[in-house]
Amino acid sequence: MAADSAPSPLPEGDGTSRVTARRRKARRRAAGVKAVAAAAGVSLGTVSNVLNRPEVVSPVTRAKVEAAMASLGFVRNESARQLRAGSSRILAYLMLDAGNPFFTDVAKGVEDAAREAGLSVFLCNSNEDADREADYLDLLEQQRVQGILITPIDQNSSRLSKLPARGTPVVVVDRAIDDGEHCSVAVNDVLGGELAIAHLLELGHDRIAYVGGPNTIGQVLDRRDGARRALRKAGKPPENLIEITTGALTVAEGRGAGQRLAGLPAARRPTAAFCANDLLALGLLQQCVSLGLRVPEDLAIVGYDDIEFAAAAAVPLTSVRQPRQLLGRTAAELLLDESSNPDHEHQRVTFTPELVVRTSTRGTL
């Protein structure tokens with residue numbers, strides 16, 4: 001009778017457990033170089049040469065090995081290669097603020113140069129936080145990245161000197177540094193500030209606000225110094241520059257600055273404002289317009305960076321242009337040279353900014 005009886009059902013869950021086990025086992029069966037060598041009928045050394053020195057392998061043999069790799073689904077173990085080599089094929093860019101389109105444009109330039117060299121890029125965001133920046137620097141050094149590009153919170157940080165001494169090259173981006181230990185790529189921000197204020201003075205503005213902060217950021221200080229220099233050259237008293245310090249370089253902080261400006265009595269209110277970056281300027285413009293102030297009739301506004309949104313604003317924004325992608329590309333090329341060239345010499349590259357005049361200062365042109 002046993003032969004006529006129905007098979008005993010599996011205990012609930014057993015079938016699922018067996019299928020899961022088989023799937024897990026299948027996932028662990030990644031093809032290795034031994035399997036590739038066997039499938040192609042070549043030695044392990046030949047497979048290694050195809051991976052690392054393909055030029056020394058005949059085209060016929062290389063094609064056989066590549067076909068075996070494709071049929072087996074072979075994926076190179078880059079982590080193992082990096083472990084043997086002691087470094088990776090990865091560059092890192094530690095930016096100051098990922099929410100600012102200026103830095104993402106710089107990152108595009110970094111990526112373009114890295115891809116041309118066959119490298120990848122890690123993007124990290126310090127978010128203007130010194131502790132976060134330090135944590136990322138430690139992590140990137142532990143990961144043995146080929147080099148680090150950084151827009152630092154403090155360009156004089158001792159960490160920036162220790163990394164090259166321990167074998168990780170560092171290039172400083174958007175800050176000029178001449179310490180003999182690093183390459184740097186930047187724009188002349190003092191000149192940029194001077195261009196902005198000179199333009200406003202030429203338009204007849206006498207009381208001008210400088211909106212920027214915090215003052216721990218070097219670019220904010222340099223642009224302010226340029227504004228002061230322009231006033232001195234024009235024979236204007238320093239108090240004609242009214243400083244409105246912000247907690248960050250964001251649209252929200254720009255709106256807050258706009259509220260403060262609009263609250264001043266008309267007799268004391270500046271007739272123009274120079275902002276340390278475009279995000280501040282766009283926030284300032286939004287707030288002033290919402291409060292009924294006309295731009296540029298009641299308040300002319302100049303930004304800095306000339307991000308894409310500057311030209312697309314409701315009132316197109318006059319801005320000091322930086323070559324954003326060129327900054328990133330140049331910095332990456334210097335880093336690549338430093339990481340591979342024993343005769344590398346540190347360079348300090350400084351680009352010249354350009355004033356782009358739009359409606360926010362001159363009305364309808």
Side-chain angles (χ1 to χ4, degrees), residues 96-97 99-106 128 174 187 189-203 205 207-215 217 219-227 230 241-264 269-322 324 353-363 365:
L96 194 65
D97 177 11
N100 186 341
F102 168 79
F103 292 109
T104 54
D105 285 346
V106 171
E128 300 179 21
D174 197 36
V187 169
D189 282 325
V190 175
L191 176 59
E194 189 174 349
L195 290 173
I197 298 300
H199 171 63
L200 293 171
L201 291 172
E202 287 172 3
L203 294 174
H205 296 285
R207 290 176 57 79
I208 302 171
Y210 176 63
V211 181
N215 289 334
I217 297 176
Q219 294 91 327
V220 171
L221 298 178
D222 284 352
R223 293 164 194 177
R224 184 191 65 187
D225 289 347
L241 188 71
I242 297 94
E243 294 186 32
I244 298 179
T245 304
T246 60
L249 298 167
T250 63
V251 171
E253 288 286 332
R255 291 195 194 103
Q259 189 70 43
R260 289 152 64 185
L261 273 175
L264 294 174
R269 185 187 305 146
T271 60
F274 167 43
C275 299
N277 79 348
D278 284 343
L279 296 185
L280 285 172
L282 292 170
L284 175 66
L285 189 154
Q286 290 174 6
Q287 190 66 22
C288 289
V289 170
S290 71
L291 294 172
L293 293 177
R294 298 168 302 163
V295 177
E297 291 83 1
D298 297 321
L299 184 74
I301 301 174
V302 179
Y304 203 106
D305 292 336
D306 196 32
I307 61 176
E308 186 175 348
F309 299 128
V315 179
L317 182 67
T318 294
S319 185
V320 179
R321 175 179 292 167
Q322 301 196 73
R324 303 177 301 280
E354 173 190 358
L355 182 72
V356 180
V357 178
R358 299 191 180 98
T359 313
S360 70
T361 56
R362 281 195 173 166
L365 300 177

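Values below: all heavy atoms of this structure, side chains included; hydrogens, waters and symmetry mates excluded. In this chain, numbering begins with 1 at the start of the sequence shown. Given the structure is predicted, the values throughout are model-derived calculations rather than measurements.
The side chain to side chain contact (heavy atoms under 4.5 Å, CB included) with Tyr304 is formed by just one residue from the set Val187, Leu195, Leu249; it is Val187. Between Val211 and the choices Thr246, Val220, Ile301, Asn277, the side chain to side chain contact (heavy atoms under 4.5 Å, CB included) rule is met once, by Thr246.
For the atom pair CD of Glu128 and CG of Leu96, the computed distance is 4.5 Å after rounding to the nearest 0.5 Å. For the atom pair CG of Leu261 and CG of Leu284, the computed distance is 6.0 Å after rounding to the nearest 0.5 Å. To the nearest 0.5 Å, atom NE2 of residue His205 and atom CG of residue Leu299 are 8.0 Å apart. Note that the CG atom of Leu317 and the OG1 atom of Thr361 stand 8.5 Å from one another [nearest 0.5 Å]. Interatomic distance, CG of Leu280 versus OG1 of Thr250, reported as 6.5 Å (0.5 Å rounding). To the nearest 0.5 Å, the span separating SG on Cys288 from CD on Gln259 amounts to 9.0 Å.
With Thr245 contributing its side chain and Gly213 its backbone, the two residues share no donor-acceptor pair below 3.5 Å. Checking side-chain atoms of Arg321 against main-chain N and O of Asp306 turns up no donor-acceptor pair under 3.5 Å. Judged by distance alone, the side chain of Arg207 and the main-chain N or O of Pro270 form no donor-acceptor pair under 3.5 Å. Between the side chain of Asn100 and the backbone N or O of Phe102 there is at least one donor-acceptor pair closer than 3.5 Å. Arg324 places a side-chain N or O within 3.5 Å of a backbone atom of Asp305 that can act as its donor or acceptor partner. Checked by atom type and distance alone, the side chain of Gln219 never pairs as donor or acceptor with a backbone atom of Asp189 at under 3.5 Å. A donor-acceptor distance shorter than 3.5 angstrom exists from the side chain of Glu253 to the backbone of Gly247, with no hydrogens or angles considered.
Between Ser360 and Pro296, the shortest heavy-atom distance links the atoms O-CB, 3.1 Å. In terms of heavy-atom proximity, Ser319 sits nearest to Val302 at CA-CG1, 4.4 Å. Between Ala227 and Phe274, the shortest heavy-atom contact is CB-CD2, 4.3 Å. When all heavy atoms of Ala196 and Leu355 are compared, the closest pair comes out as CA-CD1, 4.5 Å. Across all their heavy atoms, Leu241 and Ala209 have their closest contact at CD1-C, 4.5 Å. Taking every heavy atom of both residues into account, Gly99 and Leu279 meet most closely at O-CD1, 4.1 Å.
Few gaps surround CD on Glu354; more than 12 heavy atoms of other groups in view lie less than 6.0 Å from it.
If you check the side chains of Thr318 and His199, you find no donor sitting under 3.5 Å from an acceptor.
Within the 4.5 Å cutoff, the side chain of Asn215 has heavy atoms near those of the Arg224 side chain.
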